[in-house]
Protein chains: 2
Amino acid sequence: MRLDQLQSFLAVAETGSFQAAAQRCGVSQPTISRQIQALEDNLGIQLLHRSSRAKLTVAGDLFLRRAYRIWQEWQAASAELKAMQHGQQHELCIAAIHSICRHFLPTLLPRFHQSFPQMQLRVTALGSDRAVKVFQDGLVDLIIVMGDRYLFKQSEWVIEPLYSEPVQILMAAQHPLACHPTLTWEALAQYPHVVFKDGYGMRRLVAEEFARRNLPWQPALELNTPDAFIAVIRESDMLALLPRSALKDALDDDTLVIRHLDAKVAPPDRQVLAITTRDRLNLPPMAQLLTLIRQQASHESCFS
Amino acid sequence: MRLDQLQSFLAVAETGSFQAAAQRCGVSQPTISRQIQALEDNLGIQLLHRSSRAKLTVAGDLFLRRAYRIWQEWQAASAELKAMQHGQQHELCIAAIHSICRHFLPTLLPRFHQSFPQMQLRVTALGSDRAVKVFQDGLVDLIIVMGDRYLFKQSEWVIEPLYSEPVQILMAAQHPLACHPTLTWEALAQYPHVVFKDGYGMRRLVAEEFARRNLPWQPALELNTPDAFIAVIRESDMLALLPRSALKDALDDDTLVIRHLDAKVAPPDRQVLAITTRDRLNLPPMAQLLTLIRQQASHESCFS
DNA sequence: TTTATTTACGGCGCCCGTAATTATA
DNA sequence: TATAATTACGGGCGCCGTAAATAAA
C-alpha cells in the first residue's frame, strides 16, 4: 500500500467524486481510479460504489475510519519529526557528574535558555556509570562524565573531551599531614579516606592508583555528593582525593587545606567528557548547547 | 510512503540489523537499505544509526511508535475486511415493514441462523419511508419495504420484487357493510378509517386511491402496528384497508370479516421489495439471506 | 580481516498522463 | 446526450536483485 492511495481514497470518500478527488490531490483522474482499484485489489474487497456520487460500500465505510487514523498518524509523525529537525522539541535532558552540575553548568544554562526560551531543560546529577547507563537507555540526550578506560564506547556516540584537571587532597586544617606541602601515597595510606560510592569515576581512579602501588586503602566513608565531603573532612582526620573543580568551595575555607601529591607520582589528571549521539548533533538546540559547552570548557582549561 | 518501507523500518528496529530484517521481510539486504533511506529522505531526518547493531536515533525512537500504530491499523483493517469477505462479520441488520416482520421473516430467520450460527441478526419493524432512510444512512444492510412510485432509487441499490398481494378491507362482523360481498369506494367513504401513520406505504396507497376518485377520506385513527388495527376494528364501525398478509390473523376470527372491492375498481396490488446494495451481495451471509428470501417470496406468490 | 552497509548497474515492472471507450443518468 | 469512470497505450521513472565498493569493528 502506498500512502497516496490512501489519500486518494480519503479524497474520494470526502468529495464523493473521482475527478474532484483528482483535482484535490493534484493528479489526473485515471490516477485516482487506478489507485482506488489497487487499494481494492490489495484488500480484496470493493470500497466504493461507482455510480454518480461515489458512495462508500459497507467495506469502504469500515475502512474509512482505519484509513483516516493511518493518515493522521503519518501526518502527526511527519510534523513531529519536522519540528524536531527545526529545534522545536520541548525538552532536553542532561545527566552530569556533580562537579559539572555545581561549577560548570550553572553559568552556561542561563545562556542556553536565552537561545531557546521554550525549551525545558532537565539536569540530573549522577555518577559516571549511572549517567552512561541512562544515556544508553535513551533517557537523556547528553551526558558529561569522567573519562575512563572502562568506558564502553559505542560507534554512534560523539565523545568530546572538555578539559582535564589535577586530583588533589582535601583535609582539615589541623590534620597531621597539613604541614607537608606535598604528600606521598604512603602518607595517604596511613589515614582513613572519604570516597565516592561505586560507579563514580573518581572512586575508580583513586582505587586504581592505590592498587597499582600495592598500598592498603580502606574507604572509611562512602558519600555521593562532594558537598558532604567538606563537612565530614572538616571535623575528622579523614582525607579525600578530589578533582580541583570539586575543591573550589574549599579554597577560601580556613578550616580546610588542599595539598597535592609529588609531581612525579601524581595520579593522571581526570578527564571530563561530553557524550551524545551523532544524530543529536543535527538538532539545533543540541548544537547550540554543545557550542556553549565547548566555550565553557576552553575557559575552564585556562586554569589548568 | 509505501507500507513495505514501514515494515522494513520496524523489522530493523526490532532485529537491530539490516540483513536480519531483509531475511524477515523476504527481500535482499540492499532493498532494506534503500527503503530505510527513502523513509529518512521522506521524513527529512535520520532514523537509525548505521553502526554494528543498528540502533534508533531519537527521531527513530519517536517515529517507531507512530510506525507501529500505522502498521497495526493497516493489519487490523486488512484482517477486518478479509473476515468480512469470508462472511465472518458478526451482525446483520434488517429493517422491514410490519407484515414482513410478522409473517414473512419468522419462518425464514431460523433457517438463516442454521447457516450462520455466529451471526447476530437485528430486525427492526419500521414504516417504508423510515426503513429507506435508515438504509440510506447505512444503519441497516437490507430493507424489505412496500414498492412505491416515490421510492427514490439509487444506482448502487439492488431492488428485488418479492411478491405482490391484493389490498382488502377489514371490518367488524356486525358492521353495516359486512352483508355486502364486494364493496365500492363510495361505500367505504361513508365510514371512518383506521390508517397507518405518515411514512407508511399503505397509508400513501390508500390516500392516493381516494384522492384519485375525489372521495372524501378522513382518517379517524392513526396507528403504526397492524396488531392494533384488529383490536380497534373489532369494537367499532371503523374500516381498514390492509394487504392480505396483514389479514392472516383475522381470517379465523369470527368477530371480524374481510371483504374486497369490485375487481374493476380494485386498487393496485401492493408490491413488496427487498433492497440492499450491490456490494453486499458479495458477502456470503447476505447472499444466503437473499436466497432464503427469494424462496420464501416464491412460496408467498403461490397464494396470489 | 571480517562483517555490515552502501553504491553501481542492468532489467523488469509499475505508475503516470493523454486519449479513446464504456457505462451511467 | 452529457457526464463520469474505466481501459489502452507509450514513456519514464522507480524498485529489485546481483555484484562490487566502501565503511566500520
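Reminder, nothing fancy here: chain letters follow the sequence lines and each chain counts from 1.
- Nearer the 5' end of DNA chain D, as judged by each residue's closest nucleotide, is the contact made by Gln19(A), out of Gln19(A) and Gln29(B).
- Judged by distance alone, with hydrogens and angles left aside, Arg2(B) brings no side-chain donor or acceptor close enough to the base of dG14(D) to form a pair under 3.5 Å.
- Side-chain N/O atoms of Ser155(A) include none lying less than 4.0 angstrom from OP1 or OP2 on dA24(D).
- A straight line from CG of Asp4(A) to P of dG17(C) spans 11 Å, rounded to a whole angstrom.
- Nucleotide dA5(D) holds its P atom 11 Å from the CD1 atom of Ile36(A), rounded to whole Å.
- Distances shorter than 4.0 Å separate some side-chain N or O of Gln37(A) from OP1 or OP2 on dT7(D).
- Considering Gln35(B), Arg2(B), Arg24(B), Arg34(B) as possible partners of Ser8(B), the one that fulfils the side-chain hydrogen bond (donor to acceptor under 3.5 Å, both in side chains) test is Gln35(B).
- Taking atom CZ of Arg50(B) as the reference point, atom C1' of dA25(D) lies 18 Å away to the nearest angstrom.
- The residue among Pro30(B) and Gly26(A) whose nearest nucleotide of DNA chain C lies closer to the 5′ end is Pro30(B).
- Annotation: of the two residues near DNA chain C, Ile32(B) and Glu156(B), the 5′-most nearest-nucleotide partner is Ile32(B).
- Following rounding to the nearest Å, Glu40(A) (CD) and dT6(D) (C1') show an atom-to-atom distance of 12 Å.
- A donor and an acceptor atom sit less than 3.5 Å apart, one in the side chain of Arg34(A) and one in the base of dG17(C).
- Ranked by how close their nearest DNA chain D nucleotide is to the 5' end, Gln154(A) and Ala38(B) are led by Ala38(B).
- Dashed line: the shortest gap from a side-chain N or O of Thr31(B) to OP1 or OP2 of dG17(D) is under 4.0 Å.
- Dashed line: the shortest gap from a side-chain N or O of Ser33(A) to OP1 or OP2 of dT6(D) is under 4.0 Å.
- In terms of phosphate contacts, Gln35(A) brings a side-chain nitrogen or oxygen within less than 4.0 Å of OP1 or OP2 of dC16(C).
- In this structure, NZ of Lys55(A) is placed 18 Å from C1' of dA4(D), rounded to the nearest angstrom.
- A pairwise comparison of heavy atoms in Leu273(B) and Gly147(B) identifies CD1-CA, 3.5 Å as the closest pair.
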Exercise. Is there a side chain to side chain contact (heavy atoms under 4.5 Å, CB included) between Thr276(A) and Trp157(A) once you walk through the steps?
Worked result: CA-CA 6 Å; Thr276(A) 187; Trp157(A) 289 3; over 6 Å; no
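- Rounded to a whole Å, the CE atom of Met1(B) is 17 Å from the C1' atom of dG14(D).
- To the nearest angstrom, P of dT6(C) lies 5 Å from CZ of Phe18(B).
- Atoms CD (Gln46(A)) and C1' (dT6(D)) sit 13 Å apart, rounded to a whole Å.
- Under the side-chain contact (heavy atoms from CB on, under 4.5 Å) rule, Ile97(A) has a single partner from Arg130(A), Met202(A), Arg270(A), which is Arg270(A).
- Considering every non-hydrogen atom in both Ile94(A) and Leu289(A), the closest pair reads CD1-CD2, 3.7 Å.
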